[in-house]
Amino acid sequence: FGASATEIVLRPAQALRGRVGEPLWTWLQGWRCTGFAPVAGAEVVLMGGGEHGLALARAVTGQDGSFVIDGVDGELDGLALRVHAAGFALAHREVPRFSTAAPTEPIVAVVRGISFEGELRTPPGLSPT
């Protein structure tokens, strides 16, 4: 209607680095986490809009449990990581604002889960997709 378009200014892309690990617990006048055992082959999904948001990017952890997701705007609010790892329960962790200049590598702690085998049945004529 004759109005000028709003300019969208993009911030520089940053790399989000982190690790996925299983907590190592030690008894020392109470249970304490003394470190993390790396979880290799875990799928890490960067979510926009929190736990129920949209998947923005994915990465897979290496042998040391580390991952890198490139092309992230570290100034966005509502970022979160969701981790799927075989033998572990689904994990979710919020990602606070970050800067590549002052990196804070989040550690997503995963705990052992129980696997269920089953069969998906749908009514006749209904696609399971």
**Message:** Just verifying a value: how many Å separate Glu94 CD and His92 NE2, rounded to the nearest 0.5 Å?
**Reply:** 6.0 Å

**Complete:** Interatomic distance, CG@Leu10 vs CG@Asp73, rounded to 0.5 Å, equals 8.5 Å

**Asked** Do you know which two heavy atoms are closest between Thr61 and Gly65, and how far apart they sit?
**Response** CG2-O, 3.5 Å

**Asked** Which atoms form the tightest heavy-atom contact between Val39 and Ala85, and what is the distance?
**Response** CG1-CB, 3.9 Å

**Asked** Leu16 versus Leu81: any side-chain heavy-atom pair under 4.5 Å?
**Response** yes

**Prompt:** Quick one: are Thr26 and Leu24 in side-chain contact, heavy atoms under 4.5 Å?
**Reply:** no

**Asked** Hey, mind stepping through Thr34 and Leu28 against side chain to side chain contact (heavy atoms under 4.5 Å, CB included) and telling me if it holds?
**Response** CA-CA 10 Å; Thr34 56; Leu28 181 62; over 6 Å; no

**Request:** Evaluate whether atom CZ of Arg121 has more than 12 neighbouring non-hydrogen atoms of other residues, nucleotides or ligands under 6.0 angstrom away.
**Result:** no

**Prompt:** What are the two closest non-hydrogen atoms of Val20 and Ala42, and how far apart are they?
**Reply:** CG1-CB, 4.3 Å

**Asked** Is Arg82 close to Leu90 at the side-chain level, that is, under 4.5 Å between some pair of heavy atoms?
**Response** yes

**Message:** Among Ile69, Leu46, Val45, exactly one meets side chain to side chain contact (heavy atoms under 4.5 Å, CB included) together with Arg58. Which residue is that?
**Reply:** Val45

**Item:** Pair listing, ring-ring contact (aromatic ring centres under 6.0 Å, His included) test, anchored in residues 34-84, at least two apart
**Value:** none

**Asked** Could you state the interatomic distance from CG (Leu56) to CE (Met47), rounded to the nearest 0.5 Å?
**Response** 7.5 Å

**Request:** List the atom of Ala109, the atom of Pro23, and the distance in Å for their closest heavy-atom pair.
**Result:** CB-CG, 3.9 Å

**Prompt:** Is Val44 close to Val108 at the side-chain level, that is, under 4.5 Å between some pair of heavy atoms?
**Reply:** no

**Prompt:** What is the distance from atom CZ of Arg32 to atom CH2 of Trp25, rounded to the nearest 0.5 Å?
**Reply:** 10.5 Å

**Prompt:** To the nearest 0.5 Å, what is the distance between CD (Glu105) and CZ (Arg19)?
**Reply:** 7.0 Å

**Item:** Rounded distance [0.5 Å steps], CG in Leu76 versus CZ in Phe98
**Value:** 9.0 Å

